[in-house]
Participant: 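Mind having a look at this structure? Questions to follow.
One is the number of the first residue; the rest follow in order along the sequence. Worth saying up front: this structure is predicted, and the values here are computed from it rather than measured.
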Amino acid sequence: MEKVTNEKVSPLSGRLWKWLAGLAVLCLAAFLAVWYMPHSEEVSWSGTAVEYRADDVDYAADHEAVIRGTYTCNRAGKRTFVGNFWIGGLDMDPGTWVRLTSEPGGDQFYGASGQPITAPVCGVIQSPGGQGAVALLWDEYTAEPGSIHAVLEEGRRFICIGTLSRKDAIVLADTLKLQITGI
């Protein structure tokens, strides 16, 4: 009778597989960290922004606008803009700055003193191609000493910032209105 020898697996090969699996997990974690890492870019735009009304195709009013700050985004879809945001002709001081986010209701405006304020802008959304943004204005906005009254029912007024067409801006204004109101 011939004795068959069992081949033994070297203990090194078991350790090698564990080491390779650990290295693969670390590589995947590094890839995901880089993939979802936010990237920032400086925004500096000043020029003429155009106010439109959804219920009046002939209405167009020019406003001087200044937008300067840092736009940060990541692959998970989180977007934030922090910086100076001023549109002439609205009840906004030139020192107004904002923190705009992709979260519904996350936009916050601040006065020159750094205190939160209610601005005539209900919300802002950037175009997917980055060629501009739309600022949705309150349908009714009244600021009096000690009180502010703001209503968004129809979402009729919006300001087109950048090189967006009115047609593209309407789609963004409707999207922003839906995000804010849920209707």
Side-chain angles (χ1 to χ4, degrees), residues 35-54 60-143 148-183:
W35 183 259
Y36 285 104
M37 184 178 296
H39 102 265
S40 298
E41 62 185 69
E42 291 300 312
V43 174
S44 181
W45 183 86
S46 62
T48 302
V50 182
E51 178 181 346
Y52 295 109
R53 293 184 63 98
D62 291 346
H63 296 272
E64 287 183 57
V66 175
I67 300 169
R68 288 192 176 90
T70 304
Y71 175 73
T72 306
C73 64
N74 70 10
R75 302 240 192 244
K78 296 204 178 215
R79 298 178 306 277
T80 305
F81 172 81
V82 176
N84 186 281
F85 187 94
W86 174 77
I87 300 174
L90 301 180
D91 187 22
M92 298 173 79
D93 293 328
T96 300
W97 64 280
V98 295
R99 182 176 191 284
L100 305 172
T101 68
S102 55
E103 319 260 328
D107 297 348
Q108 182 61 58
F109 290 79
Y110 298 90
S113 65
Q115 294 298 315
I117 62 169
T118 301
V121 176
C122 181
V124 180
I125 187 170
Q126 184 181 14
S127 68
Q131 66 269 33
V134 169
L136 185 62
L137 302 177
W138 295 104
D139 289 330
E140 294 178 28
Y141 179 83
T142 313
I148 295 174
H149 175 73
V151 176
L152 178 68
E153 292 175 353
E154 301 294 323
R156 297 177 297 232
R157 299 174 51 214
F158 58 94
I159 293 184
C160 183
I161 303 164
T163 60
L164 290 172
S165 68
R166 182 184 190 282
K167 179 180 154 187
D168 292 337
I170 285 177
V171 172
L172 287 173
D174 287 344
T175 301
L176 184 57
K177 178 187 166 204
L178 180 65
Q179 287 176 357
I180 293 169
T181 64
I183 21 177

Participant: Could you tell me whether the side chain of Val121 reaches within less than 4.5 Å of the side chain of Leu137, counting heavy atoms only?
Facilitator: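 Yes. Closest side-chain heavy atoms under 4.5 Å.
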Participant: Using every non-hydrogen atom in the two residues, find where Gly162 and Trp45 come nearest and quote the distance to one decimal.
Facilitator: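 Of all heavy-atom pairs spanning Gly162 and Trp45, the closest is N-CZ2, 3.7 Å.
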Participant: Any heavy-atom pair between the side chains of Leu136 and Leu152 that's under 4.5 Å?
Facilitator: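 With C-beta onward as the side chain, the pair touches.
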Participant: Just jot down the ring-ring contact (aromatic ring centres under 6.0 Å, His included) partners of Trp86, sequence neighbours excluded, or say none.
Facilitator: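 Scan of Trp86 (ring-ring contact (aromatic ring centres under 6.0 Å, His included), adjacent residues dropped) gives none.
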Participant: Rounded to the nearest 0.5 Å, how far apart are CG of Leu100 and CD1 of Ile125?
Facilitator: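 Output value for this atom pair is 11.0 Å.
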Participant: So, for Cys160 and Ser165, which heavy atoms are closest and what is the spacing to 0.1 Å?
Facilitator: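 Scanning both residues completely, I find the closest heavy atoms to be SG-O, 4.3 Å.
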Participant: Flag the pair Gln126 / Tyr71 as yes when at least one side-chain heavy-atom distance between them is below 4.5 Å, and no otherwise.
Facilitator: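 Gln126 reaches Tyr71 side chain to side chain.
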Participant: Where do Ile159 and Ala49 come nearest, in terms of heavy atoms and distance?
Facilitator: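 Closest approach of Ile159 to Ala49, heavy atoms only: CG2-CB, 3.5 Å.
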Participant: Do Leu176 and Phe158 come close enough that some side-chain heavy atom pair is under 4.5 Å?
Facilitator: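 No, every pair of side-chain atoms sits at 4.5 Å or beyond.
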Participant: Mind checking whether Met92 and Pro120 have side chains closer than 4.5 Å, heavy atoms only?
Facilitator: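 Met92 reaches Pro120 side chain to side chain.
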Participant: Among residues at least two apart in sequence or on other chains, which ones pass salt bridge (Lys or Arg N to Asp or Glu O under 4.0 Å) with Arg53?
Facilitator: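 With neighbours one apart ignored, the set is Asp55.
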Participant: Report yes if the side chains of Asp107 and Thr101 come closer than 4.5 Å at any heavy-atom pair, otherwise no.
Facilitator: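 The answer is yes; the side chains approach within 4.5 Å.
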Participant: Could you walk me through whether Ser46 and Arg68 pass the side chain to side chain contact (heavy atoms under 4.5 Å, CB included) test, one step at a time?
Facilitator: CA-CA 8 Å; Ser46 62; Arg68 288 192 176 90; 3.9 Å; yes
Participant: Apply the test side chain to side chain contact (heavy atoms under 4.5 Å, CB included) to residues Val124 and Phe85: give CA-CA distance (whole Å), side-chain angles for both, the deciding distance (0.1 Å), then the verdict.
Facilitator: CA-CA 11 Å; Val124 180; Phe85 187 94; 3.8 Å; yes
Participant: Does any part of the side chain of Thr70, heavy atoms only, come nearer than 4.5 Å to the side chain of Glu42, both counted from C-beta?
Facilitator: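 The answer is yes; the side chains approach within 4.5 Å.
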Participant: State, yes or no, whether a side-chain contact exists between Val66 and Pro94 at a heavy-atom distance under 4.5 Å.
Facilitator: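 No, their side chains stay 4.5 Å or more apart.
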Participant: Which pair of heavy atoms, one from Ser40 and one from Thr72, lies closest together, and at what distance?
Facilitator: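 Looking at all heavy atoms of both residues, the closest pair is OG-OG1, 3.0 Å.
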Participant: With a 3.5 Å distance limit and no angle check, can you tell me whether Trp138 reaches the backbone of Ala119 through a side-chain donor-acceptor pair?
Facilitator: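 It does hold such a pair.
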Participant: Rounded to the nearest 0.5 Å, what's the gap from CD1 on Ile161 to CD1 on Ile67? Could you check?
Facilitator: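 CD1 of Ile67 is found 4.0 Å from CD1 of Ile161.
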Participant: Looking only at heavy atoms, what is the nearest atom pair of Leu90 and His63, with distance?
Facilitator: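 Leu90 and His63 have their closest heavy atoms at CD2-CE1, 4.4 Å.
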Participant: Measure the spacing between CD of Gln115 and OH of Tyr110 and express it to the nearest 0.5 Å.
Facilitator: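 Reported to 0.5 Å precision, the distance equals 9.5 Å.
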Participant: Can you name the nearest heavy-atom pair linking Tyr52 to Ala60, along with the distance?
Facilitator: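 Nearest heavy atoms, Tyr52 then Ala60: CE2-CB, 4.0 Å.
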